[in-house]
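Since the structure comes first, as structure tokens, the remarks are kept for the end.
We count residues from 1, following the sequence as given. Numbering of ligands and ligand atoms starts at 1, following listing order. Reckoned from all heavy atoms, side chains included, excluding hydrogens, waters and symmetry mates.
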Amino acid sequence: SGFPSLLKNGLSKIGVPSGVLEILFKGVDDVEDYPKIPEAKGAIKAIRSEAFFIPLYELYLTYGGIFRLTFGPKSFLIVSDPSIAKHILKDNSKAYSKGILAEILDFVMGKGLIPADGEIWRIRRRAIVPALHQKYVAAMISLFGLATDRLCRKLDDAATDGEDVEMESLFSRLTLDIIGKAVFNYDFDSLTNDTGIVEAVYTVLREAEDRSVSPIPTWEIPIWKDLSPRQRKVMEALKLINDVLDDLIATCKRMVEEEELQFSDEYMNEQDPSILHFLLASGDDVSSKQLRDDLMTMLIAGHETSAALLTWTFYLLSKEPSVVSKLQDEVDFVLGDRFPTIDDMKKLKYTTRVINESLRLYPQPPVLIRRSIENDVLGKYPIKRGEDIFISVWNLHRSPSLWQDAEKFNPERWPLDGPNPNETNQNFCYLPFGGGPRKCVGDMFASFETVVAVAMLVRRFNFQMALGAPPVEMTTGATIHTTQGLKMTVTRRMKPLIIPEINMEGLKMEGTARILEAE
Ligand code: HEM
């Protein structure tokens with residue numbers, strides 16, 4: 001079967017011009033010269049079940065680190081191999097775009113940082129990354145604490161009334177409140193209120209998620225777009241959010257113009273440390289539409305992901321009481337009853353490992369989407385431009401050949417004195433925030449946000465699956481959701497009686513100082 005390629009090579013050696021060879025061997029050489037990517041056949045039905053990344057895992061075990069999946073005229077390459085993932089995301093990232101992701105998200109994110117490609121992406125990335133500098137993230141810690149404290153109050157009421165709580169929706173509201181303040185200094189206050197704007201955000205999010213799993217893009221059909229009540233509702237919700245964003249941009253612009261503050265390098269303003277304020281104060285020269293697209297992108301990127309991470313963390317914790325005890329010991333020791341500070345982030349090591357491990361088992365999003373914009377070679381397989389590619393982070397994170405007891409929730413697999421695991425030190429076997437130039441810009445923000453939330457919650461409460469709670473099953477949009485919520489029973493913890501010695505010292509010194517003052 002290698003004869004055509006032998007012949008082609010031979011002809012080439014005796015001097016037949018390559019142009020002529022291309023014509024002679026058109027359609028023959030691609031097939032014969034190179035190994036062919038394994039093709040998963042008859043798998044189309046499996047893929048239509050609820051969480052699409054589950055059948056992809058089964059296919060990975062059968063077909064390996066790269067295979068092709070075909071549905072009628074469409075085909076996708078499914079990548080679950082760390083070195084191919086590294087090649088696509090990092091080493092040859094310029095040969096890939098966001099492909100269908102950009103098409104699906106266009107209606108809500110426009111040319112925002114997640115879907116944008118090429119020059120627009122490069123310029124916007126350069127403007128936005130500095131906004132999430134260390135000092136900003138440090139300033140956010142108290143915001144994380146205040147927002148989580150609001151949630152704690154709500155849980156306190158539930159504990160008093162003996163009412164079970166649905167944690168997934170509460171986490172979604174917690175992270176919406178946080179990201180609104182953090183990105184454009186807007187208090188959705190969704191933990192207390194269901195305002196029109198909060199509902200509009202959810203309408204748009206649901207639509208984005210439905211579109212990303214819908215096989216037929218009905219929203220592109222011109223008449224449907226105008227007649228479908230659902231599409232009209234989405235358009236109204238978008239308009240409401242856009243109006244609010246435009247107002248916030250205008251207000252912030254006025255504020256920046258009036259400020260006579262000498263800014264430090266970070267353009268921080270105590271009253272408004274938001275990313276929007278940073279962008280305007282740093283003289284980001286950009287159209288209002290682009291700015292709105294970027295704000296909307298960060299709102300969505302930073303909201304559902306963190307909410308899903310917290311949801312699955314509490315689900316995992318509910319099954320491992322020994323992990324919860326260790327977690328509570330650490331938090332009692334490090335925090336006591338204080339709100340967390342930036343210095344605590346280094347000390348809450350085990351809490352951080354719990355987050356690392358939760359992101360391994362439930363990566364958000366479970367697959368990364370790319371399209372080749374040049375011909376390339378993946379492993380030993382040449383591919384053409386225009387291939388749609390799914391990198392299954394789910395498969396990488398649960399591969400039995402890459403991990404010991406891959407399915408087990410075991411924060412201890414990451415040594416406390418070791419480095420914080422990331423894609424680089426784990427050789428692209430672990431990609432909680434992606435990798436390469438398109439890596440998440442909010443990784444530190446999200447880690448601290450969820451460490452603060454977990455620490456404060458387990459410090460005050462014990463969580464158990466509620467009696468008669470529906471089974472916790474997965475479904476996907478952009479992130480992994482539960483099918484029927486995470487219903488839990490919350491009980492107040494007894495305060496620990498032992499106060500760490502360091503604090504005793506602190507108290508004594510304080511006492512002495514007061515006596516001296518009184519004299
Ligand atoms: C990109 C995960 C929180 C903003 C990404 C990517 C991943 C990710 C995997 C890469 C996507 C790809 O390569 O296709 C997460 C997780 C989060 C989180 C798991 C929380 C637990 C946040 C937050 C923000 C944010 C809080 C904003 C403040 C972004 C942006 C991008 C991105 C703007 C696109 C970067 C670019 O393309 O240049 N995120 N993210 N993310 N994330 Fe996050």
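Between W414 and Y430, the ring centre distance stays below 6.0 Å. Ring centroids of H133 and F278 are separated by less than 6.0 Å, placing the two rings close together.
Between Q364 and ligand 1, no pair of N/O atoms sits closer than 3.5 Å. At least one N/O-N/O distance between R438 and ligand 1 falls below 3.5 Å.
Considering only heavy atoms from C-beta on, M465 stays 4.5 Å or farther from K487 through its side chain. By the 4.5 Å heavy-atom criterion applied to side chains, H481 and E168 are counted as neighbours. For the pair L361 and W312, the minimum side-chain heavy-atom distance is 4.5 Å or more.
The heavy atom nearest to atom 31 (C) of ligand 1, considering only I114, I128, I88, L101, is found in I114. Distances from atom 28 (C) of ligand 1 to the heavy atoms of I369, T479, L359, L132 put L132 nearest. The residue among F433, F445, F448, W121 with a heavy atom at the shortest distance from atom 16 (C) of ligand 1 is F433. The option with the heavy atom closest to atom 40 (N) of ligand 1, from among P432, A307, C440, is C440.
Taking the charged nitrogens against the carboxylate oxygens, D293 and K289 do have a contact shorter than 4.0 Å, which makes a salt bridge. Look at R353 and E357 and you find no salt bridge, because none of the NZ, NE, NH1 or NH2 atoms lies under 4.0 Å from a carboxylate O. Contact check on E412 versus K326 returns a salt bridge, with a Lys/Arg side-chain nitrogen under 4.0 Å from an Asp/Glu carboxylate oxygen. Using a cutoff of 4.0 Å between basic side-chain nitrogens and carboxylate oxygens, D388 and R370 are not scored as salt-bridged. Classification of E103 and R371 as a salt-bridged pair holds, one side-chain N sitting under 4.0 Å from a carboxylate O.
When only non-hydrogen protein atoms are considered, atom 3 (C) of ligand 1 lies nearest to T305 OG1, 3.6 Å. Here the protein heavy atom with the shortest distance to atom 35 (C) of ligand 1 is R125 NH1, 3.4 Å. Here the protein heavy atom with the shortest distance to atom 20 (C) of ligand 1 is A446 CB, 3.3 Å. Given atom 11 (C) of ligand 1, the protein heavy atom at minimum distance is L368 CD2, 3.8 Å.
Ligand 1 is approached by V441 to a heavy-atom distance shorter than 4.0 Å. K98 counts as a contact of ligand 1, since one of its heavy atoms falls under 4.0 Å from the ligand. Contact analysis puts R370 in contact with ligand 1, with a non-hydrogen atom separation below 4.0 angstrom.
In L309, the part holding a heavy atom less than 4.0 Å from any atom of ligand 1 is the side chain.
Of all atoms in ligand 1, numbered sequentially from 1 with element shown, those under 4.0 Å from a heavy atom of A301 are 3 (C), 4 (C), 22 (C), 25 (C), 29 (C), 41 (N). Close contacts of ligand 1 with G302, meaning ligand atoms under 4.0 Å from a residue heavy atom, involve 22 (C), 23 (C), 24 (C), 26 (C). Those atoms of ligand 1 that come under 4.0 Å of a heavy atom in K439, given as number and element, are 35 (C). Every atom of ligand 1 is numbered from 1 in the order shown, and the set under 4.0 Å from a heavy atom of G434 is 9 (C).
Taking all atoms of both residues into account, the shortest heavy-atom contact from L396 to A85 is CD1-CB, 4.3 Å.
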